[in-house]
Structure formats: structure tokens, C-alpha cells
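Some notes on the structure that comes next.
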Amino acid sequence: PECQGTACCTNSPRTALSITLLKSILKFQVHMVILPCTFTHPYKTFDRALTAIWRIKEPYNGTVIFKCVSQSSSELCRTAISHKNKYKLLGNPRHKDLSIRVDNLTWSDSERYFCRVELAGDVQDKYESRNGIKLHVIAAPRIINITVSSSRDHTFQARCTAEGEPAPALSWSGPPDSSLSSSSISGHRVTRELRSLSHDGKYTCTAVNSHGRAEGAVYFYRFRASDSSSFMVLIFVPLGIKVVVLLVILSFTFFSREGQCPDCPSSPLDARTTG
């Protein structure tokens with residue numbers, strides 16, 4: 001194929017065509033991004049079938065993520081392929097604009113994208129960007145989880161997980177003598193664990209990268225008894241008081257019933273009253 005600028009063309013020698021793309025897009029993690037692509041062709045008007053295609057990873061053989069077809073200038077470009085339904089045509093191919101919108105942006109959308117247009121005719125013209133456009137999704141740090149847990153050896157540890165692009169650096173701050181820590185990185189996500197917590201108080205996790213910082217905190221307090229005897233006193237004294245109260249109630253009920261005499265005759269006053 002004949003290459004012109006950033007486009008490679010498989011077309012007739014009489015045709016001059018080019019595709020214009022940005023080299024790269026740096027985009028904060030939001031819900032959508034627009035990938036621009038425009039092209040030129042030598043025709044004053046073009047009323048035949050037209051196909052617009054977007055690929056990722058590599059030109060010509062890369063995975064097709066979007067494709068639409070327009071049979072004539074009076075017909076809109078009908079979507080034939082939209083991977084996960086997240087790609088929408090924004091431009092009008094009849095006006096030499098193949099721009100698309102990427103919805104629900106995620107880390108995995110950081111790819112190189114290639115646009116292509118195919119014009120039906122006696123000799124079919126096919127034009128595709130050679131270098132493509134690089135989309136790089138970036139984001140300030142965000143703490144997604146922070147917890148305190150215990151292990152089998154009855155020690156406690158605090159764990160903080162954050163994500164961002166570039167991957168953030170994590171650090172813990174708080175009471176002294178809590179410097180034992182370990183980190184793990186998985187893609188855009190970083191976890192840092194603070195082991196063997198020995199002091200009560202507030203522990204703060206800080207995540208930092210070139211686009212910002214984020215903080216999260218946990219409060220750690222352990223129950224302590226001064227000694228085993230005082231702990232037993234705290235348990236059994238309230239229990240003993242309840243037992244004594246229960247015995248008093250039972251004794252009062254028993255003696256109250258003993259004071260009543262169901263077989264004794266009624267008093268003279270009662271006899272006179274009842275006639």
C-alpha cells in the first residue's frame with residue numbers, strides 16, 4: 001500500500017487521500033472520551049456505500065471495536081459493530097468525520113486506536129491510519145478500602161487499598177512503634193499493610209501520585225483488663241447481686257402465701273354483712 005503521512009492507502013494512483021489523527025490523548029478517568037478522526041478524498045460528492053471502522057492494538061489486523069455502514073448520502077451510517085455497546089459515532093462520515101465517543105471509560109480502554117474508511121466504487125478505496133491514536137486513562141488516587149483485622153496469632157493489622165494512574169504511593173501514619181509494613185501492586189491498584197498494631201489511636205493512610213492525593217483513617221482500640229482477678233470481679237459481682245435479689249423475691253412470695261388461711265371461718269363482721 002501507498003503511505004501518505006500518518007495514513008496508509010490502498011487506492012488507485014489518481015486518488016489523493018489522507019487521514020488526520022492526534023498522536024495521543026491523556027484523559028482523566030471520567031465517563032466518556034471523544035476520539036477524533038477526519039479524512040479527505042478527491043471527490044466533490046460521494047453517493048455510494050461508505051464504511052467506517054475503528055480498531056485497537058494494531059492497524060489492519062487489530063480487533064474491530066466499531067463499524068458502521070452507509071449505503072448512500074441520504075442514509076445515516078448504521079452501526080454494525082459496537083463492542084460492549086460502548087462506542088458511538090459522533091462525526092458524519094459523509095462530511096469526512098469518523099470521530100467516535102467511548103462511554104463508560106475504564107482502565108482497560110488505555111489502548112492505541114486506528115480509524116479506517118472504505119469507499120465503494122469501481123476501484124474500492126480503503127484508507128486507514130497507520131500510527132493510530134494512543135488513549136491513556138489517568139486518575140488521581142482514590143482509597144477504595146481501609147480496614148483493621150486480627151490474625152491467628154492474636155495480632156492486629158491495618159490494610160489500605162487505593163487505585164490511580166499512575167499507581168499511587170501509599171504510606172501509613174499514626175501512633176509510634178507501628179513501622180512494620182508491606183506493599184503489593186496489581187495494575188492500577190496498590191495495597192499497603194501495617195502489621196502488629198500495638199498502640200490505640202488513629203491510623204491514617206495517604207495515597208499520592210502526580211495528579212493528587214487522598215486520605216483515609218481507621219480508629220483502633222483494644223479492650224484490656226488490668227488483671228484476671230479484677231476481670232472475674234467485674235463478671236461475678238453483678239451476677240451475685242442478681243441472685244440475691246431473686247432469692248428475696250422468692251422468699252417474699254413464699255411467706256405471703258403462708259400467711260393466708262383458706263380453711264378459717266369468716267369473721268363475724270363478714271357474716272353479718274352477708275346476711
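Not measured: the values here are computed from a predicted model. Side chains included, hydrogens not; waters and symmetry mates left out as well; all remaining heavy atoms used.
- Other residues, nucleotides and ligands contribute only 12 or fewer heavy atoms inside 6.0 Å of the CG atom of Leu76.
- Through direct or relayed side-chain contacts under 4.5 Å between Ile, Leu, Val, Met, Phe, Trp and Tyr, Val69 connects to no other residue.
- His41 is listed as a side-chain neighbour of Leu119, based on a closest heavy-atom distance under 4.5 Å.
- Between Leu197 and His199, the closest side-chain pair of non-hydrogen atoms is not below 4.5 Å.
- Using a 4.5 Å heavy-atom cutoff, the side chains of Tyr203 and Ile146 are not in contact.
- Both Ile56 and Trp107 belong to a common hydrophobic cluster when Ile, Leu, Val, Met, Phe, Trp and Tyr are linked at side-chain heavy-atom distances under 4.5 angstrom.
- The CG atom of Asp103 lies 13.5 Å from the NZ atom of Lys84; values are rounded to the nearest 0.5 Å.
- How far CD1 of Ile185 is from CG of Leu170: 8.5 Å, rounded to the nearest 0.5 Å.
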Stepwise side-chain hydrogen bond (donor to acceptor under 3.5 Å, both in side chains) test for Asp97 and Thr38: CA-CA 4 Å; Asp97 189 347; Thr38 58; over 6 Å; no
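- Here OG of Ser183 is found 3.5 Å from CZ of Arg192. Values are rounded to the nearest 0.5 Å.
- Between the OG atom in Ser151 and the CZ atom in Arg195 there is a gap of 10.5 Å [rounded to 0.5 Å].
- For Phe46, the ring-ring contact (aromatic ring centres under 6.0 Å, His included) criterion is met by Tyr43, not counting sequence neighbours.
- Proximity of a side-chain donor or acceptor of Lys67 to a complementary backbone N or O of Ala80 within less than 3.5 Å is not detected.
- Residues Ser149 and Arg159 bring no donor and acceptor atom of their side chains to less than 3.5 Å of each other.
- Closest non-hydrogen pair, Ile143 versus Gly216, comes out as CD1-N, 3.3 Å.
- In this structure, Asp109 and Thr106 approach most closely via the heavy-atom pair OD2-N, 2.8 Å.
- Paired with Glu111 under the rule salt bridge (charged side-chain N to carboxylate O under 4.0 Å, His left out), one option of Arg55, Lys134, Lys57 passes, and it is Lys57.
- Between Asp200 and Tyr219 the shortest side-chain heavy-atom distance does not fall below 4.5 Å.
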Evaluation steps, side chain to side chain contact (heavy atoms under 4.5 Å, CB included), between Phe66 and Leu89: CA-CA 9 Å; Phe66 178 82; Leu89 181 68; 3.7 Å; yes
The test is side chain to side chain contact (heavy atoms under 4.5 Å, CB included); show your working for Tyr87 and Val102 and say whether it passes. CA-CA 5 Å; Tyr87 303 95; Val102 185; 3.8 Å; yes
Before giving the answer on side chain to side chain contact (heavy atoms under 4.5 Å, CB included), spell out for Val190 and Glu163 the whole-Å C-alpha distance, their side-chain angles and the decisive distance to 0.1 Å. CA-CA 6 Å; Val190 181; Glu163 65 179 10; over 6 Å; no
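- Within the 4.5 Å cutoff, the side chain of Leu105 has heavy atoms near those of the Val137 side chain.
- The main-chain N or O of Ser72 is found under 3.5 Å from a side-chain atom of Arg94 such that the two form a donor-acceptor pair.
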I'd like to know whether Arg213 forms a salt bridge (Lys or Arg N to Asp or Glu O under 4.0 Å) with Glu215, so could you lay out the CA-CA distance, the side-chain angles of the two residues, the decisive distance to 0.1 Å, and finally the verdict. CA-CA 7 Å; Arg213 61 183 287 136; Glu215 287 188 352; 3.1 Å; yes
Begin with the C-alpha distance, continue with both residues' side-chain angles, and end with the deciding distance and a verdict on side chain to side chain contact (heavy atoms under 4.5 Å, CB included) for Trp54 and Ile133. CA-CA 11 Å; Trp54 280 85; Ile133 177 173; 4.2 Å; yes
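- Considering all non-hydrogen atoms of both residues, Lys202 and Thr204 come closest at CE-OG1, 3.6 Å.
- A pairwise comparison of heavy atoms in Ser99 and Cys37 identifies OG-N, 3.1 Å as the closest pair.
- Side chains of Thr161 and Thr191: a donor on one and an acceptor on the other come within 3.5 Å.
- Aromatic rings of Tyr127 and Phe39 (six-membered ring for Trp) have centroids beyond the 6.0 Å cut-off, not under it.
- The closest side-chain heavy-atom distance from Glu75 to Ser70 is below 4.5 Å.
- Note on Tyr60: it does not cluster hydrophobically with Val64, by side-chain heavy-atom contacts below 4.5 Å among ILVMFWY residues.
- A side-chain N or O of Glu165 and one of His188 form a donor-acceptor pair less than 3.5 Å apart.
- Rounding to the nearest 0.5 Å gives a distance of 12.0 Å between CZ of Phe114 and CG of Leu35.
- Side-chain contact between His211 and Ile138 is present, with heavy atoms from C-beta onward closer than 4.5 Å.
- With hydrogens and angles disregarded, no donor-acceptor distance shorter than 3.5 Å links the side chain of Asn209 to the backbone of Ala140.
- When side chains are defined from C-beta on, Glu128 does not count as touching Cys115, because their heavy atoms never get closer than 4.5 Å.
- For the residue pair Tyr221 and Gly201, the shortest heavy atom distance occurs at CE2-N, 4.2 Å.
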